[in-house]
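Below: the structure, in structure tokens.
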There are 2 protein chains.
Amino acid sequence: MIARVIVTPKPVVNDPQGITVKQGLASLGFREVVDVRVGKYIEVNLEGSSEHEARQRVEAMCRQLLANHVIEDFRFDIEPEHKRR
Amino acid sequence: MIARVIVTPKPVVNDPQGITVKQGLASLGFREVVDVRVGKYIEVNLEGSSEHEARQRVEAMCRQLLANHVIEDFRFDIEPEHKRR
């Protein structure tokens with residue numbers, strides 16, 4: 001079972017990394033870029049358990065470790081098989 | 001137009017950040033976690049252009065700045081409307 005977690009800075013929170021990437025893209029000629037936000041992507045490979053249980057466990061992981069809920073949002077998908085994209 | 005880019009360490013590359021997260025999860029009691037890989041999630045808001053053109057531009061951004069092709073893979077989706085998830 002693979003969980004694909006995306007953690008992003010909340011919309012109201014400053015994102016200096018995103019600003020830097022935007023400036024970097026602009027200096028490379030990508031002037032159509034209006035805004036960039038940088039977050040984390042976390043792929044968690046889990047053993048056993050049903051999809052329902054995995055969903056609850058991954059939600060708990062996000063709340064306890066993967067995301068800082070004061071400044072970050074998170075979302076995730078669970079992929080039952082072991083096929084990797 | 002919003003591009004959602006995911007940059008991950010290549011499977012053969014060591015991922016110390018992933019190992020640390022895995023250990024952190026284990027010490028919190030999430031012992032079902034077999035493996036963790038940590039990558040970047042980059043949301044790029046682009047002006048104008050068609051979806052086809054946006055796809056080519058984002059591909060170029062990834063090659064030139066967003067991903068280090070020696071150690072990282074990237075993939076992305078383009079979302080034509082401005083609805084944010």
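Letters go in sequence order (proteins before strands), and every chain restarts at 1.
Contact count versus chain B (heavy atoms, under 4.5 Å) is highest, among A:V7, A:L28, A:V21, A:V5, for A:L28. Of the listed residues A:V44, A:L66, A:L65, A:D73, the one with more heavy-atom pairs under 4.5 angstrom with chain B than any other is A:L65.
No more than 12 heavy atoms of other residues, nucleotides or ligands sit less than 6.0 Å from atom CD of A:Q17.
Neither the backbone nor the side chain of A:A3 comes within contact range of chain B; no heavy atom of the residue lies under 4.5 Å from a heavy atom of that chain. Contacts of B:A60 with chain A are made by both backbone and side-chain atoms, with heavy-atom separations under 4.5 Å.
One finds no salt bridge joining B:D77 and B:R4 here, because no Lys/Arg side-chain nitrogen approaches an Asp/Glu carboxylate oxygen to under 4.0 Å. Between A:R63 and A:E59 there is a salt bridge, since a side-chain N of the basic residue sits under 4.0 Å from a carboxylate O of the acidic one. Here A:R31 does not pair with B:E47 in a salt bridge; the nearest charged N to carboxylate O distance is not below 4.0 Å.
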